[in-house]
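Data block below; observations after.
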Amino acid sequence: MAGKLNGKVAVITGASSGIGEATAIALAAEGAKIVLAARRVEKLEALAKQITDGSGQALPIAADVTDDAQIRELVEKTQSHFGGIDILINNAGVMLVGPVEGADISDWQRMIDIDLLGLMKTTHAVLPILKAQGGGHIVNIASVAGRIPIPNYAVYNAVKFGVVAFSEALRKEVIKDKIRITVIEPGAVATELASQISNPEARQQVDAFYNSVEPLQKEDIAAAIAYAVTQPAHVSVNEILIRPSNQEM
Ligand code: NDP
């Protein structure tokens with residue numbers, strides 16, 4: 001399979017559905033060897049088969065980004081199977097929104113652990129490998145909610161603002177190591193994301209919002225990610241804010 005990412009190894013967290021799944025297919029189509037990480041291993045295996053049936057290369061690895069040992073194993077298994085890592089897509093996430101008052105604090109903990117700390121820890125585990133290889137690319141999936149505070153999204157806002165801030169500070173730290181950093185900030189994308197929301201009213205509000213726009217498709221975000229990671233070495237795409245055409249917020 002010929003493509004702009006021939007010979008490159010891309011690790012994608014949250015590859016079992018939505019944006020991660022579509023990104024795996026898009027980067028495999030550019031010739032990258034794909035490591036598919038998430039908790040639902042049967043979904044990863046089905047996706048790996050789809051990629052290898054299309055003559056790509058893919059390795060499914062069960063990995064919960066809140067578990068330090070599983071992050072370590074993800075990196076070790078990737079290295080022993082594919083011999084290195086060139087691209088990390090930090091995509092795993094949940095969006096457990098609702099008003100601050102009366103919120104289930106365990107939802108906050110989960111969002112922080114997965115969307116922010118999980119992203120930071122996976123980055124921490126992969127950075128030394130990118131540096132030793134003389135460069136690489138990390139793509140962090142933030143959100144429009146990483147740019148704009150929205151009532152009932154306060155903690156998700158805090159987490160995604162955190163992802164944006166972490167990414168930009170990291171960009172300045174690792175520029176000397178030829179490691180490029182990209183933040184992707186999607187608006188509404190039609191995926192399973194809202195299905196995890198525990199507050200029924202918040203779930204209804206989110207569903208109503210998604211129904212009020214013509215949401216992006218997961219492939220639209222995958223195309224933006226593929227664009228960012230296929231630029232020539234002297235081009236660093238640092239930020240892509242991408243909304244449905246009729247999403248005002
Ligand atoms: P999905 O729910 O389809 O995908 C989320 C992915 O994250 C799944 O593959 C899930 O896999 C994985 N995941 C969840 N928890 C963990 C964990 N502890 N360890 C590893 N993987 C985990 O939603 P999206 O594709 O929409 O979401 C992807 C990213 O995009 C998220 O960061 C989200 O915040 C962001 N985003 C989404 C938008 C949207 O409108 N959909 C808008 C803006 C940003 P599994 O359950 O198998 O572990």
Side-chain angles (χ1 to χ4, degrees), residues 11-26 34-48 60-71 73-74 88-97 106-107 109-122 125 139-148 150 153 155-164 166-167 182-197 203 205-207 209-222 224-225 239-244 247 249:
V11 175
I12 305 175
T13 69
S16 58
S17 63
I19 293 168
E21 178 189 8
T23 302
I25 292 167
I34 312 291
V35 177
L36 306 164
R39 295 165 305 167
R40 288 171 295 173
V41 76
E42 65 293 340
K43 288 198 171 266
L44 299 179
E45 282 166 356
L47 179 58
I61 300 180
D64 183 329
V65 297
T66 68
D67 183 314
D68 294 357
Q70 291 186 36
I71 293 175
E73 260 181 50
L74 169 65
L88 169 64
I89 313 288
N90 276 314
N91 164 74
V94 290
M95 181 184 73
L96 309 173
V97 292
S106 68
D107 279 351
Q109 188 74 55
R110 229 176 115 205
M111 268 190 292
I112 292 166
D113 286 349
I114 298 170
D115 299 27
L116 186 57
L117 205 50
L119 173 147
M120 291 173 175
K121 286 179 170 180
T122 310
V139 178
N140 291 333
I141 311 304
S143 169
V144 163
R147 295 272 300 257
I148 298 163
I150 308 161
Y153 282 62
V155 179
Y156 188 66
N157 275 143
V159 162
K160 293 298 190 180
F161 269 69
V163 170
V164 173
F166 175 77
S167 303
T182 301
V183 192
I184 307 284
E185 298 159 335
V189 189
T191 68
E192 297 174 12
L193 193 67
S195 67
Q196 305 276 328
I197 299 170
R203 172 70 200 269
Q205 277 171 9
V206 170
D207 285 347
F209 170 63
Y210 277 61
N211 288 332
S212 74
V213 295
E214 185 182 337
L216 298 166
Q217 299 302 308
K218 57 192 180 185
E219 291 79 10
D220 299 324
I221 306 303
I225 294 169
E239 195 173 7
I240 301 179
L241 174 60
I242 174 171
R243 292 183 175 92
Q247 177 178 332
M249 187 171 59

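All ligand and atom numbering here is 1-based and tracks the order in the structure.
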Give the atoms of ligand 1, by number and element, whose distance to some non-hydrogen atom of [X] is under 4.0 Å.
X: Y156; result: 33 (C), 34 (O), 36 (N), 44 (C)
X: G18; result: 3 (O), 25 (O)
X: I141; result: 29 (C), 30 (O), 35 (C)
X: A188; result: 40 (O)
X: E192; result: 2 (O), 3 (O)
X: Y210; result: 39 (C), 40 (O)

How far does [atom1] of [X] sit from [atom2] of [Y], to the nearest 0.5 angstrom?
X: K218; Y: I25; atom1: NZ; atom2: CD1; value: 6.5 Å
X: R39; Y: Q70; atom1: CZ; atom2: CD; value: 10.0 Å
X: I141; Y: T182; atom1: CD1; atom2: OG1; value: 9.0 Å

Short version for T191: what comes under 4.0 Å of ligand 1, heavy atoms counted, is side chain
Any heavy atom of D64 under 4.0 Å from ligand 1? The part involved is both
Purely on distance, is any nitrogen or oxygen of [X] under 3.5 Å from one on ligand 1?
X: G20; answer: no
X: V189; answer: yes
X: P186; answer: no

Of A15, G93, S16, the residue with the heavy atom nearest atom 45 (P) of ligand 1 is S16
Closest to atom 31 (C) of ligand 1 by heavy-atom distance, out of I221, L119, N91, is N91
Check: Taking the side chain from K43 and the backbone from A15, do they hold a donor-acceptor pair closer than 3.5 Å?
Finding: no
Side chain of D113, backbone of G118: donor and acceptor closer than 3.5 Å? no
Please verify whether a non-hydrogen atom of [X] lies at under 4.0 Å from ligand 1.
X: A63; value: yes
X: A142; value: yes
X: A145; value: no
X: T13; value: no
X: K160; value: yes

for atom 1 (P) of ligand 1, nearest protein heavy atom and its distance come out as S17 OG, 3.5 Å
